[in-house]
Amino acid sequence: MVLFFLPSQNIHKVGFTATKKIGNAVKRNRAKRRLRALFCEFSSILQDGTYIFVAKQSINEIAHEKLKDNFLKVLNHLKAVEKN
RNA sequence: CAGGUACAACAGAUAGAUACUUGAUAACUCAAGAGGAAAGUCCGAGCUGCUCUAAGACAGUGUUCCAUUUAACUAAUGGCCGUAGUAAUGCGAGGGAAAGUGCAACAGAGAUUAGACUUCCGCUUCUAGUUCGCUAGAAGAGGUAAAGGUGAAAAGGUGGUGUAAGAGACCACCAGUCUCUAUAGCAAUAUAGAGAGCUUGUAAACCCAACAUGGCAGCAAGAAACAGAUGGUCAGCGUCUUAAGGGGUAGGUAACGGUAAUUACACCAUAUUUAGCUUGUAGCUACUGUUUCGCUAGAAACACUAUGUAAAUGGUGUGGUAGAUUAAUGCUAUCAAAACAAAACUCGGCUUACGUUGUACCUAACUC
RNA sequence: GGUGCCAUCGCCAAGUGGUAAGGCCGCAGCCUGCAAAGCUGCUAUCCCCAGUUCAAAUCUGGGUGGCACCU
């Protein structure tokens with residue numbers, strides 16, 4: 001997945017994107033739902049700002065644990081997680 | 001056993017922690033929440049707007065065996081005919097080529113009032129032979145559609161009569177077409193009989209006939225409220241010169257420079273361009289933004305029952321808010337054979353994709 | 001959600017029922033001492049599946065993929 005992050009005070013906005021390359025409407029909706037569920041899990045420890053998640057082609061083949069690892073890795077890379 | 005044909009049913013369950021949409025409630029909470037194809041958008045309707053409309057005709061568009069069903073249909077049901085298959089059963093845009101026009105490549109002698117290349121046939125002329133009856137060869141003007149070969153297709157087929165040779169020219173039987181009569185059937189049609197004429201294909205080529213039909217756009221249709229001010233409109237100012245090309249003014253745009261200054265998008269000059277510019281208005285069938293409505297109880301679904309071969313129709317009963325706008329109905333784990341696939345105004349069909357299970361029926365060949 | 005259009009060789013494309021033109025690229029040969037240029041030849045299941053027809057790239061129906069417009 002790809003994450004775009006714009007940090008700013010007192011603004012909370014999230015977007016989830018799934019392009020036609022992923023598959024038909026069922027697969028695209030499932031990709032968005034999985035990302036949304038993961039975001040809700042971590043939303044309490046994130047900084048304020050605007051987030052845009054873009055799903056890539058292999059998202060529907062990957063297992064849940066691996067997707068979770070990737071999700072954390074991407075967040076840490078952009079330093080979006082609040083310390084403590 | 002195996003293979004096939006038709007029809008029907010279902011479209012996950014359990015657990016965990018935790019979100020979303022709508023409705024009810026003061027709140028806590030409670031209830032409901034995606035398909036058989038929601039898909040393709042191929043037909044037919046409702047609904048909405050615009051346009052049109054006395055009636056009729058022409059044109060356009062569509063349909064095309066018969067009966068029935070339906071709100072309607074190019075749909076469905078049953079039948080007839082044709083066709084594929086051993087069969088169960090499937091498939092069929094299934095009127096007219098004798099109203100007219102067009103087209104039929106290549107090959108072939110000839111392709112639609114057909115045609116003579118090789119055959120076949122007598123006739124005339126010439127030559128040769130002669131048993132003086134004729135025979136053979138060449139040339140000419142004809143006859144012929146029976147044989148050959150070409151082609152998707154050669155103007156019915158077989159047998160006889162007939163003839164110089166032949167020919168539906170005539171006859172018998174057969175195939176096909178049309179008409180009439182009888183019987184069965186509501187009908188398409190089937191069976192039987194009689195007669196006519198002399199029969200290429202193509203109408204998913206133009207066309208003809210019969211029948212039907214206002215047209216176009218589609219909920220991103222359209223309606224209301226609030227806000228805006230692009231067009232329009234009202235008011236004021238301006239609209240010069242030349243025959244024309246062109247030149248010039250107000251106004252617009254702009255680099256360098258200058259002026260001014262708290263700030264400057266101002267002013268000056270210069271360059272370039274060319275008739276509009278400015279202020280108001282919201283009462284306009286043009287326009288922009290937001291919100292609300294349209295929006296879900298419907299020619300509806302399910303169960304039982306009556307009629308009908310069936311599609312379907314009638315009667316009785318039952319239960320019940322999916323209604324969003326980046327778009328909810330989730331996420332994770334386990335089990336399992338789980339596939340195709342996500343509503344966006346709503347219905348009736350068709351088409352295409354696809355997992356599992358069941359029921360009924362068929363069997364030529366193959367295997368035992 | 002709705003509406004319309006397109007698909008022919010690797011690329012650009014012509015072709016309104018009768019043997020699928022042409023250009024560029026590529027390959028092979030000729031030419032040349034070697035190349036370039038030039039000349040000759042080769043390369044198509046007309047997106048797929050059915051139907052009508054003697055015959056379909058063309059006509060009809062269905063499917064697949066792509067593009068554009070309405071906001």
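These values consider heavy atoms only, across backbone and side chains, with no hydrogens, waters or symmetry-generated copies. What you see is a predicted model, and the numbers here were worked out from it, not measured in a lab. Order of the sequence lines sets the chain letters (A, B, ...), proteins ahead of strands, with each chain counted from 1.
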Pairwise [atom1] distance, [M] and [N] [rounded to whole Å]:
{"N": "B/rA17", "M": "B/rA32", "atom1": "C1'", "value": "23 Å"}
{"N": "B/rA336", "M": "B/rC28", "atom1": "P", "value": "43 Å"}
{"N": "B/rU112", "M": "C/rG51", "atom1": "P", "value": "31 Å"}
{"N": "B/rG92", "M": "B/rG115", "atom1": "P", "value": "45 Å"}
{"N": "C/rC59", "M": "C/rC69", "atom1": "P", "value": "28 Å"}
{"N": "B/rG214", "M": "B/rC52", "atom1": "C1'", "value": "7 Å"}

Please output the side-chain donor-acceptor pairs of residues 25-40 of chain A that fall under 3.5 Å, not counting sequence neighbours, one pair per line with the distance.
residue	atom	partner	partner atom	Å
A/R28	NE	A/G23	O	3.2
A/N29	ND2	A/A25	O	3.4
A/R34	NH1	A/I59	O	3.2
A/R34	NH2	A/I62	O	3.4

[N] - base-pair partner by Watson-Crick or wobble geometry, distances under 3.5 Å:
{"N": "B/rU181", "result": "B/rA192"}
{"N": "B/rG166", "result": "none"}
{"N": "B/rU77", "result": "B/rA67"}
{"N": "B/rU262", "result": "none"}
{"N": "B/rC331", "result": "B/rG16"}
{"N": "B/rA212", "result": "B/rU61"}
{"N": "B/rG298", "result": "none"}

Where do N or O atoms of nucleotides 330-338 of chain B meet protein N or O atoms at under 3.5 Å, pair by pair?
residue	atom	partner	partner atom	Å
B/rG330	O3'	A/R33	NH1	3.1
B/rC331	OP1	A/R30	NH1	3.1
B/rC331	OP1	A/R33	NH1	3.0
B/rU332	OP1	A/R34	NE	3.0
B/rU332	OP1	A/R34	NH2	3.3

Nearest whole Å is fine: how far is [N] [atom2] from [X] [atom1]?
{"X": "A/N29", "N": "B/rA343", "atom1": "CG", "atom2": "C1'", "result": "12 Å"}
{"X": "A/K32", "N": "B/rU325", "atom1": "NZ", "atom2": "P", "result": "14 Å"}
{"X": "A/I52", "N": "B/rU326", "atom1": "CD1", "atom2": "P", "result": "15 Å"}

Exercise for review: Could you list by number each residue of residues 68-77 of chain A showing a heavy-atom separation from RNA chain B of less than 4.0 Å, or answer none if no residue does?
Suggested key: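 Those residues whose heavy atoms fall under 4.0 Å from RNA chain B, taken from residues 68-77 of chain A, amount to none.
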
Side-chain polar contacts of residues 64-73 of chain A - donor-acceptor pairs under 3.5 angstrom, sequence neighbours left out - could you list them?
residue	atom	partner	partner atom	Å
A/K68	NZ	A/E41	OE2	3.2

